[in-house]
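Quick notes on the structure that follows.
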Amino acid sequence: MGLKVYNTLSRKKELFEPAEPGHVKMYVCGITAYDRCHIGHARSAVVFDAIVRYLLFKGYNVIFVRNFTDIDDKIIKRASEEGISSKELSEREIGHFYEDMTNLKVLKATFEPRATEHIADIIRLIETLIARGYAYAAGGDVYFSVRRFSSYGALSGRDVEELVSGARVAVGEQKDDPLDFALWKAAKPAEPSWDSPWGHGRPGWHIECSAMGMKYLGPTFDIHGGGLDLIFPHHENERAQSEAATGQTFVKYWIHNGFVTIRGEKMSKSLGNFITIKDILKRHNSEALRLFLLSKQYRGPLDYSEEALGEMETALERCYRAIVEAGKVASRPVKKACQREDVQAAESIKTLEALPGQFGQAMDDDFNTAQAIGFMFEAVRALNRLCQAAGKRPCASYSDGLKSGIKTILSIGRILGVLEDDPVQYVRSRDLDGLSALGLTEDEVLDAIIQRTEARARKDWAAADSIRQRLDGQGVALKDTPEGTVWAVKSSAVLP
RNA sequence: GGCGGCGUAGCCAAGUGGCUAAGGCGACGGUCUGCAAAACCGUUAUUCCCCGGUUCAAGUCCGGGCGCCGCCUCCA
């Protein structure tokens with residue numbers, strides 16, 4: 001069974017067959033660089049990052065383009081409000097974008113082109129469209145003739161006649177038809193502009209993606225992605241102008257991710273309910289955020305809440321702690337071969353061995369990361385189970401099972417972009433961070449442990465318990481192990 | 001009005017025709033422990049918004065209804 005992908009154009013899951021076997025050409029609409037990115041941007045970025053990682057894992061050679069829109073109305077407006085140039089604003093926000101993406105562990109794209117660096121390509125494409133009769137210049141603007149492109153509306157499922165009623169013509173526009181959209185906009189006074197055959201101006205929004213995409217990927221891409229809201233008009237227009245220019249299929253598979261909502265409502269600036277990536281990562285671990293963003297099928301809405309993210313953080317920590325424990329147990333010396341096979345342990349080993357296959361099956365079904373994560377969690381439980389068996393009866397086959405189990409889980413995690421930190425350090429730094437958040441130092445805790453250990457040696461359980469209860473009340477749990485007493489910050493204590 | 005999506009346990013969420021309806025979080029009981037914690041085991045949906053229909057068989061397909069949401073204007 002091969003990879004199946006839901007295609008917005010056909011509204012069906014289709015078998016994924018790239019134009020050139022073994023190679024995937026993929027374009028995802030990036031940000032308009034005028035403000036901080038919010039969780040919605042994070043979802044899109046992380047979803048497509050997981051897709052790229054999975055395609056790479058499957059052995060495809062992936063050429064991935066993610067653009068920056070660094071010139072448009074919003075940028076011009078915001079820049080003038082702030083009293084800086086459009087360039088300064090977009091540079092700053094692109095910087096912020098990279099900061100966020102690095103923190104989210106989103107892989108860099110093969111090409112990350114900017115609209116302003118491809119003006120010549122854009123002008124050439126517009127000229128082609130004019131030459132082919134799909135576009136016309138009017139008063140310094142250039143418009144695309146929507147009605148000339150017969151399958152206009154196919155992607156978004158819209159009927160051209162019905163679009164007419166909603167279409168608007170802004171003041172000063174000289175469109176032949178209200179449906180037509182701008183490929184090139186004449187410069188207004190004091191706006192950034194570039195010279196063109198039609199006078200000074202700047203590119204319309206849609207044309208940049210066609211121009212840059214085709215420059216780096218050629219006339220046909222295998223995958224074109226972005227948020228659901230981009231389907232109309234952005235991707236509809238991109239498709240129209242690209243196919244009009246080349247006469248070839250622009251995109252084989254259109255992939256769109258759903259929105260992040262808050263309390264069931266779409267995040268938006270006007271509702272004031274958006275949360276930036278930066279703010280979230282102040283309070284939450286980035287891998288927990290990734291896991292949360294991948295915990296639901298990518299096409300549906302995803303409701304954000306602190307609680308939901310906290311749950312993922314707990315689950316992630318369980319994975320890390322399992323790996324740490326398994327690593328410890330696996331490194332103990334083993335004296336003998338297993339006398340008799342423990343049925344549970346054998347089953348655990350089987351579960352761990354089955355993980356890659358199950359994971360692949362889930363991901364092959366339109367990147368079902370939610371199911372894939374489920375399999376990963378099951379494997380973690382199997383690892384813990386095996387860990388107990390190995391702890392009781394150390395033997396070579398168990399510790400080998402643990403070692404390969406760890407390896408398997410980590411390799412699967414890597415495709416989702418989680419469990420990439422050093423497990424020992426992750427757990428350790430989580431505990432230390434938690435401790436400082438609780439206003440405690442490790443020395444205080446270690447002192448208390450020493451006192452309690454002495455009390456326990458005297459079998460003074462009352463004293464020992466009161467020390468433990470005191471720490472527990474402060475958010476620190478003590479755990480007595482064969483190697484002595486260890487401490488951990490209770491996850492409930494550091495969550496909001 | 002047009003287009004699209006969603007409604008599965010206390011909460012989140014897979015599953016789109018057929019063995020016992022994944023998984024996470026939470027809760028409860030147990031194993032372990034001096035007692036705990038962690039981990040593990042068990043329990044927590046005789047049933048998938050409602051009503052009809054197709055089928056030997058439906059959460060899964062079809063029809064109708066109710067509820068929620070998104071797009072149709074810049075938007076991940």
Side-chain angles (χ1 to χ4, degrees), chain A residues 8 11 13 28-32 34-35 37-48 72-74 77 153 156-159 161-163 165-168 170 205 225-234 256-261 264-270 274 291-292 295-297 299-303 305 307-308 310-316 318 321-322 325 344 348 358 362 365 368-389 391-392 456 459-462 464-465 468-469 472 476-481 485-488 490-492:
Chain A
T8 305
R11 281 167 207 118
K13 281 184 198 174
V28 175
C29 286
I31 57 157
T32 297
Y34 79 107
D35 204 352
C37 291
H38 55 65
I39 322 176
H41 298 103
R43 185 180 193 192
S44 190
V46 168
V47 162
F48 285 103
D72 95 319
D73 292 349
K74 285 195 296 291
K77 181 164 176 271
S156 55
R158 280 173 171 83
D159 184 85
E161 295 314 317
E162 281 167 11
L163 283 169
S165 60
R168 292 183 207 161
W205 175 34
L228 216 59
D229 50 347
L230 259 29
I231 296 172
F232 188 86
H234 187 52
H256 294 96
N257 66 275
F259 288 115
V260 177
T261 59
E265 284 184 315
K266 180 183 167 181
M267 243 195 296
S268 79
K269 307 250 158 172
S270 53
F274 65 96
L291 211 50
F292 169 69
S295 69
K296 192 172 173 184
Q297 211 286 332
R299 278 184 281 118
L302 175 67
D303 200 56
S305 72
E307 297 73 36
E311 283 175 12
M312 273 302 154
E313 213 147 26
T314 304
L316 179 66
R318 191 176 131 256
R321 290 193 189 275
E325 275 308 303
Q344 280 226 328
S348 299
Q358 298 202 288
D365 183 14
N368 192 337
T369 50
Q371 192 174 55
I373 289 169
F375 288 134
M376 189 177 81
F377 285 156
E378 263 181 280
V380 167
R381 190 146 36 84
L383 189 72
N384 275 324
R385 219 182 295 136
L386 184 58
C387 208
Q388 287 189 345
K392 276 184 212 151
R456 292 181 73 217
K459 295 204 190 297
D460 183 354
W461 307 123
D465 288 353
R468 188 176 60 204
Q469 274 159 25
D472 189 81
V476 177
L478 297 187
K479 176 183 169 187
D480 299 323
T481 74
T485 301
V486 297
W487 62 273
K490 296 199 295 183
S491 56
S492 60

Return no unless some side-chain N or O of [X] is found under 4.0 Å from OP1 or OP2 of [N].
{"X": "A:Arg318", "N": "B:rG24", "value": "yes"}
{"X": "A:Arg158", "N": "B:rG2", "value": "no"}
{"X": "A:Asn257", "N": "B:rA76", "value": "no"}

Could you report the tightest heavy-atom contact between [X] and [Y], atom names first, then the distance?
{"X": "A:Ser156", "Y": "A:Arg11", "value": "C-NH2, 3.6 Å"}
{"X": "A:Leu383", "Y": "A:Ala322", "value": "CD2-O, 3.9 Å"}
{"X": "A:Leu302", "Y": "A:Ser295", "value": "CD1-OG, 4.5 Å"}

### Task
Tell me whether A:Trp461 is stacked on the nucleobase of B:rG34, counting only the six-membered base ring and applying the 5.5 Å and 30° thresholds.
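Yes, the aromatic ring of A:Trp461 stacks with the base.
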Heteroatom pairs (N/O) under 3.5 angstrom, protein to nucleotides 15-19 of chain B:
| from | atom 1 | to | atom 2 | distance (Å) |
| --- | --- | --- | --- | --- |
| B:rG15 | OP1 | A:Asn368 | ND2 | 2.5 |

Have a look at [X] and say if it touches a base, only the backbone sugar-phosphate, or nothing, with a 4.0 Å heavy-atom cut-off.
{"X": "A:Val260", "value": "base"}
{"X": "A:Asn384", "value": "sugar-phosphate"}
{"X": "A:Ser156", "value": "sugar-phosphate"}
{"X": "A:Phe377", "value": "sugar-phosphate"}
{"X": "A:Gly227", "value": "sugar-phosphate"}
{"X": "A:Ala308", "value": "nothing"}
{"X": "A:Arg321", "value": "nothing"}
{"X": "A:Leu230", "value": "sugar-phosphate"}
{"X": "A:His256", "value": "nothing"}

### Task
May I ask which nucleotide in the shown strands pairs with B:rU46, Watson-Crick or G-U wobble, both distances under 3.5 Å?
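In the structure as shown, B:rU46 has no Watson-Crick or wobble partner.
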#### Entry: Nucleotide forming a Watson-Crick or wobble pair with B:rG63, both distances under 3.5 Å
B:rC51
### Task
For A:Gln344 and for A:Gly30, find the nucleotide of RNA chain B with the closest heavy atom, then tell me which residue's nucleotide is more 5'.
A:Gln344
### Message
Go nucleotide by nucleotide along RNA chain B from the 5' end; which of A:Arg456 and A:Phe375 gets its closest nucleotide reached first?
### Response
A:Phe375
Atom [atom1], compared across [N] and [M]: separation rounded to whole Å:
{"N": "B:rA14", "M": "B:rU54", "atom1": "C1'", "value": "27 Å"}
{"N": "B:rA22", "M": "B:rG42", "atom1": "P", "value": "12 Å"}
{"N": "B:rG7", "M": "B:rC48", "atom1": "P", "value": "14 Å"}
{"N": "B:rC6", "M": "B:rC62", "atom1": "P", "value": "12 Å"}
{"N": "B:rC49", "M": "B:rC69", "atom1": "C1'", "value": "15 Å"}
{"N": "B:rG52", "M": "B:rA58", "atom1": "P", "value": "14 Å"}

### Query
Between the base of B:rA36 and the side chain of A:Arg468, is there a donor-acceptor distance below 3.5 Å?
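By the distance-only test, yes, there is a pair.
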### Task
Ignoring hydrogens and angles, answer whether the base of B:rC35 and the side-chain atoms of A:Asp480 contain a donor-acceptor pair closer than 3.5 Å.
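Yes, a donor-acceptor pair under 3.5 Å.
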Can you list everything that forms a side chain to side chain donor-acceptor pair (under 3.5 Å) with [X]? Sequence neighbours excluded, please.
{"X": "A:Arg381", "result": "none"}
{"X": "A:Asp460", "result": "none"}
{"X": "A:Ser348", "result": "A:Arg385"}
{"X": "A:Asp472", "result": "A:Lys490"}

### Query
Among all residues two or more places apart in sequence or in another chain, which pass the salt bridge (charged side-chain N to carboxylate O under 4.0 Å, His left out) test with A:Asp465?
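In terms of salt bridge (charged side-chain N to carboxylate O under 4.0 Å, His left out), with neighbours along the sequence ignored, A:Asp465 is linked to A:Arg468.
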### Task
Name all residues meeting the salt bridge (charged side-chain N to carboxylate O under 4.0 Å, His left out) criterion together with A:Lys74; count only those two or more places apart in sequence or in a different chain, and write none if there are none.
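Once residues adjacent in sequence are excluded, the partners of A:Lys74 under the salt bridge (charged side-chain N to carboxylate O under 4.0 Å, His left out) criterion are A:Asp72.
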### Task
State which residues pass ring-ring contact (aromatic ring centres under 6.0 Å, His included) with A:His256; sequence neighbours excluded, sorted by chain then number.
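Here the qualifying residues are A:His235.
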### Task
Report the residue from A:Glu265, A:Lys296, A:Lys266 that forms a side chain to side chain contact (heavy atoms under 4.5 Å, CB included) with A:Pro301.
A:Lys296
### Query
Can you check the A:Ile231 CD1 to B:rC71 P distance for me, whole Å?
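Between P of B:rC71 and CD1 of A:Ile231: 11 Å.
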### Query
How long is the line joining CD of A:Gln388 and P of B:rC32, in whole Å?
12 Å
Restricting both atoms to N or O, compile the protein contacts to nucleotides 5-9 of chain B shorter than 3.5 Å, with distance only.
none

